[in-house]
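First up is the structure itself, then whatever we jot down about it.
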There are 2 protein chains.
Amino acid sequence: MGASKAESFSEGQQALALIAKALGHPARVAIVEYLLKVEGCICNDIVGELPLSQATVSQHLRELKGAGLIKGSIEGNAICYCIDVKAINRLQSYLAGVSAKLKAKKGACC
Amino acid sequence: MGASKAESFSEGQQALALIAKALGHPARVAIVEYLLKVEGCICNDIVGELPLSQATVSQHLRELKGAGLIKGSIEGNAICYCIDVKAINRLQSYLAGVSAKLKAKKGACC
DNA sequence: CCGTAATATTGCAATATTACGATTGAGTGA
DNA sequence: TCACTCAATCGTAATATTGCAATATTACGG
C-alpha cells in the first residue's frame, strides 16, 4: 500500500518540506532565478525563457505559489509574479538553526 | 510525453533542486532533525522513532545520501549516519544570495 | 459586443515517488 | 560454524508529479 504518509509528521516538518519541495525541481529553481533577474515578471516572458509549454509553466507557478514562495498580482491583462521573501527567510533561518546545532555538536561522531 | 525534462536545465539549478528535493518530504526532515538531536545515529534507532518501516527509512536515507545531505560510516555492525554541513551550507548561501538580490531590487514591482 | 492576448484549468499519458513485506548480505557473538 | 541483528535491496502496489494539447477563462481594445 502506497504513498504519502506525510500527515503523520509535525506541522513544522510538513511546512518546511512544502517549501523545500517547491524548490525541488530545476524548472522551479529556474523560474525563481528568472524572477530575480528581471524587473517585470510576467508569466508569458517565463514561457519564452524556459523549454516548457505555457500549461506546464503555469502549473509550476501554481506550486510555487502554494508553497508561498511567490505571489502574483494582476497587472493589466497580464500577471506579475514576484518572490516572497518570507518563505525564503523561513527556509534560510531553519538551515541556520541546523548549522548552529551541528557546530555545537562538534564532531560527536562522524 | 511524460515526465522529467530536468536535463534541460543548468547544472547549478539541478544541483540545488536535488538538495531541496531531499528536504522536500516530512519524513526526511524528521530524519535530519533526529540526527541533529542524538549523539549516536544508528539507522535502527531512526526506524523506532518514525512511523515507517525499516525498508522505507533506508530508502529515505539513501535519498538524503544521494543529495549529499548526510554521510554514513560503518560502525561495528551498525551504520552511523551524520549530517553533512557542506550541503546545508550550499543551500543556505544560495538562499542568502536570493535574499540579497531581492533587497537590491527593493520593490521594483510587487 | 467581438476579437485578441494572457493565464488557468482540464484531461490524459509517461514517469517518479512512497511505502512495505520479503529477501539478501554483512558483521558479531556464542 | 550457527544463529542473530542490522541495514540494503528487490519486487510490487498505491499514489504523486511532470508535461502537454485542448479548452476554458479573464481582461483589454476596438
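Heavy atoms only: backbone and side chains are in, while hydrogens, waters and symmetry mates are out. Chain A is the first sequence line, chain B the second, and so forth, proteins listed ahead of strands; every chain is numbered from 1.
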Ring pair (Phe, Tyr, Trp, His ring centres under 6.0 Å) partners of residues 5-26 of chain A, not counting sequence neighbours, each pair once: A:His25-A:His60

Taking C:dA6, C:dA8, C:dG11 as options, the one with an atom nearest any side-chain atom of A:Gln59 is C:dG11

Between atom CD1 in B:Ile79 and atom P in D:dT9, what is the gap in whole Å? 9 Å

Between D:dC20, C:dG21, C:dT7, which nucleotide has the shortest distance from any of its atoms to the side chain of B:Ser53? C:dG21

For A:Glu33, the salt bridge (charged side-chain N to carboxylate O under 4.0 Å, His left out) test, sequence neighbours excluded, returns none

Can you tell me how far C1' of D:dA16 sits from NZ of A:Lys5, to the nearest Å? 17 Å

Give every residue pair that meets the salt bridge (charged side-chain N to carboxylate O under 4.0 Å, His left out) criterion with at least one member in residues 46-66 of chain B, sequence neighbours excluded. B:Arg28-B:Glu63, B:Lys37-B:Glu49

Can you sort out which residues in residues 14-31 of chain B have a heavy atom within less than 4.0 Å of DNA chain D? Ascending by number, please. none

Check whether any side-chain N or O of A:Tyr81 sits under 4.0 Å from OP1 or OP2 of C:dA8, and answer yes or no. yes

Here the distance between atom P of D:dA7 and atom CG of B:Leu64, to the nearest Å, is 15 Å

Figure out the CG/P separation between A:Leu61 and C:dA6, and round it to whole Å. 15 Å

OP1 or OP2 of D:dT18 under 4.0 Å from side-chain N/O of A:Thr56: no

Dump the pairs, protein N or O against N or O of nucleotides 22-27 of chain D, anything under 3.5 Å, distances to one decimal.
none

Expressed in angstrom and rounded to an integer, what is the separation of B:Arg62 atom CZ from D:dC10 atom C1'? 10 Å

Assign B:Leu52 to base, sugar-phosphate, or nothing according to its heavy-atom contacts below 4.0 angstrom with the strands shown. sugar-phosphate

Using a cut-off of strictly less than 4.0 Å, decide whether B:His60 has a side-chain nitrogen or oxygen near OP1 or OP2 of C:dA19. yes

I need the CD-C1' distance between B:Glu63 and D:dT9, as an integer number of Å. 15 Å

So, using side chain to side chain contact (heavy atoms under 4.5 Å, CB included) as the criterion, who are the partners of B:Leu18 when residues are at least two apart? B:Ala67

